[in-house]
Student: 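Okay, here's the structure, questions in a sec.
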Amino acid sequence: MKDRKKEFKHLVTSLDEVPQKILEEQEQKVLASPFRQQIHIESKMGQLNDPNGFSFFNGWFHLFHQSFPLKYTQKPNYFEQGWHHYKSKNLVDWIDLGQAISNDTYFDKYGAYSGSALPINNQLFIIYSGNSWMNTETDNWRRLPTQMGAWMDKNDQVRKITTPLIKGPLDKYTGHFRDPKIFKKGNTYYVIVGAQRKNLTGTAVLFKSERLMTWDLVGEIKTQFNKNFGYMWECPDYFDFKNKGILIFCPQGLKTKFNIFQNMNQTCYCVGDELNLSNGKFNGTIVKELDQGFDFYAPQTMLTPDGRRLLIAWMSIMNGNDPTKKFGYTGCLTFPREITVIGNSIYQQPVHEIENLYSSHLQGKQEINCEKILIGKGRNARDIKLNIKIQHNGIFIFDLFSDPQNRKHLRIILNAAKNRFIVNRAQSGINFEDEFGVERSCEFNPEKTVKLRIIQDISSAEIFLENGEKVFSLRVFPDQKQNYIFVNSLNAKTVIKYEINELRIMKVEGKKNV
Ligand code: FRU
């Protein structure tokens, strides 16, 4: 059991309440990390988790994330939890606007939790979960979940709405009731909220509103699979895509089935007909994992002015055991992705704006029949595109983050004899979260030329197979010699065509500290 009294003993509502010396010490620790990312937004200190309020407003993309900047302070261990704010014109270079929502009211005193945003009448409307606790004087602490609102104006100033929009807990649900995602259809606004029923099963609940200040319960999202599918659903999202409805949600507590649901918590999606907004009926049946990598959770989507559906997620699972912890921070976001839906599948690709980061370019074609170096220099920040033709029963191996002897690496294996695509991070550097396995895999079709794309950064890889129908996102913590790429082909030769763009560091302007 968590000792909550201890956890919140040094609760502050702003970093101004923390001695400057402590903040400077934290910053110095972070700067010493060899794992700082080059093109991914990551924690500036403490913990970063879910992306929040991903939206386009006033000519800018706005992206917030859950931020616990003081999580790793010691003696005392301060507590502050809210939303950190970035904005961008091109989704790759950002302006850092610092902490935008803090835990400074009765309803969000113990954390301004996740939520979303929608531009409405020249302002950005924000809806988020306030986390509070009841019975704090006894040991019978109970969550008081409240959906709260705020408005952000064109000067990026956030003003909270003082009265709760949806008061919890609701009759049929426990205190686990959070992460509202807002969308509009016709003249009506809707939010979908993650919930736990009193029988300890997870679900999502739909509300509607005409004027935003009061919300009516429509009911649960009714599917065939949510009767008993995990004990809590976090961070639900819903959107229409060309006459289909797509539900994304993060069920906690699913059992591992061979090579799926291997992480601590999962991120799933389901494609169906459009959600029935008057009764919550959703007829999708096939539930899939959105990303099969080791580190992916709490995604959020938004619609761009040019009609693209973008997605960004927390590149982590919840354990928080990243090797960066010793440098006083954990957590980064994925690179923003564009998603499309074909049949019952979501396809993901890095947003095309990544081209703004391209620096030098390398391309070629090679026949591989033994181990060789493909790249032996440079920094580990690359957009790698491969077309791979494996001969009958061949096994193609692509090793990223390799040391010069290729003893260490993140190993990607395309085994044509077994139709298996495998990502193995056992030898990729500092091991972490090995209790959830060191390998992830899926089926692939070796008959065709296989398309593989990898966004590599200093301490992560996002691997897109077959135009992003399957994606594997993960963190790696290599040492400084691990910046080679090796290729190999066993049993038979493999022909690869490759196009590799090195990526410059993203620009982040604005605040120096949190
Ligand atoms: C998911 C989550 C959300 C919650 C937030 C708090 O990672 O647990 O359900 O709103 O993190 O930081």
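We count ligands from 1, going down the list as the structure has it; atoms in each ligand are counted the same way.
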Student: Please find out if less than 6.0 Å separates the ring center of F8 from that of Y78.
Tutor: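 For F8 and Y78, the ring centres are not under 6.0 Å apart.
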Student: With sequence neighbours excluded, tell me which residues meet side chain to side chain donor-acceptor pair (under 3.5 Å) with S459.
Tutor: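 Partners of S459 by the side chain to side chain donor-acceptor pair (under 3.5 Å) criterion, ordered by chain and then number, come out as Q37, R475.
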Student: With heavy atoms of Q81 as the reference, note each atom of ligand 1 found under 4.0 Å away.
Tutor: 6 (C), 12 (O)
Student: Which ligand 1 atoms, with their elements, are less than 4.0 angstrom from a heavy-atom of W314?
Tutor: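 It comes down to these atoms of ligand 1: 7 (O).
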Student: I need the full list of ring pair (Phe, Tyr, Trp, His ring centres under 6.0 Å) pairs touching residues 251-296, with sequence neighbours left out, sorted by first then second residue.
Tutor: none
Student: Under a 4.0 Å heavy-atom limit, does Y297 contact ligand 1 with its side chain, its backbone, both, or neither?
Tutor: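 It is the side chain that touches ligand 1; the backbone stays farther off.
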Student: May I ask you to decide if the ring planes of H62 and F57 are parallel, tilted or perpendicular, using 30° and 60° as cut-offs?
Tutor: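 H62 and F57: tilted rings.
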Student: Considering only heavy atoms of S114, which atoms of ligand 1 have at least one such atom less than 4.0 Å away?
Tutor: 5 (C), 10 (O)
Student: Within this structure, what is the NZ-CD distance for the pair K470 and Q348, rounded to the nearest 0.5 Å?
Tutor: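 Result: 12.0 Å between the selected atoms.
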Student: Return the residue, atom name and 0.1 Å-rounded distance of the protein heavy atom closest to atom 10 (O) of ligand 1.
Tutor: D179 OD1, 2.5 Å
Student: Check this for me, if you would: do K181 and D237 make a salt bridge, where the nitrogen-to-carboxylate-oxygen distance has to be below 4.0 angstrom?
Tutor: yes
Student: Give me the nearest non-hydrogen protein atom to atom 6 (C) of ligand 1 as residue plus atom name, then the distance to 0.1 Å.
Tutor: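 Here the closest protein heavy atom is Q66 OE1, 3.3 Å.
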Student: Can you tell me the protein heavy atom closest to atom 8 (O) of ligand 1 and the distance?
Tutor: E234 OE2, 2.8 Å
Student: Enumerate the atoms of ligand 1 whose separation from the nearest heavy atom of N49 is less than 4.0 angstrom.
Tutor: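 Answer, ordered by atom number: 5 (C), 6 (C), 7 (O), 11 (O), 12 (O).
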Student: At less than 4.0 angstrom from any non-hydrogen atom of R178, what atoms of ligand 1 do you find?
Tutor: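 Counting from 1, the qualifying ligand atoms are 3 (C), 4 (C), 9 (O), 10 (O).
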Student: Testing the basics here: between N103 and A112, what is the closest heavy-atom pair and its distance to 0.1 Å?
Tutor: CB-N, 4.2 Å
Student: When you measure from atom 5 (C) of ligand 1 to every protein heavy atom, which one gives the shortest distance, and what is it?
Tutor: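 The closest one turns out to be D50 OD2, 3.5 Å.
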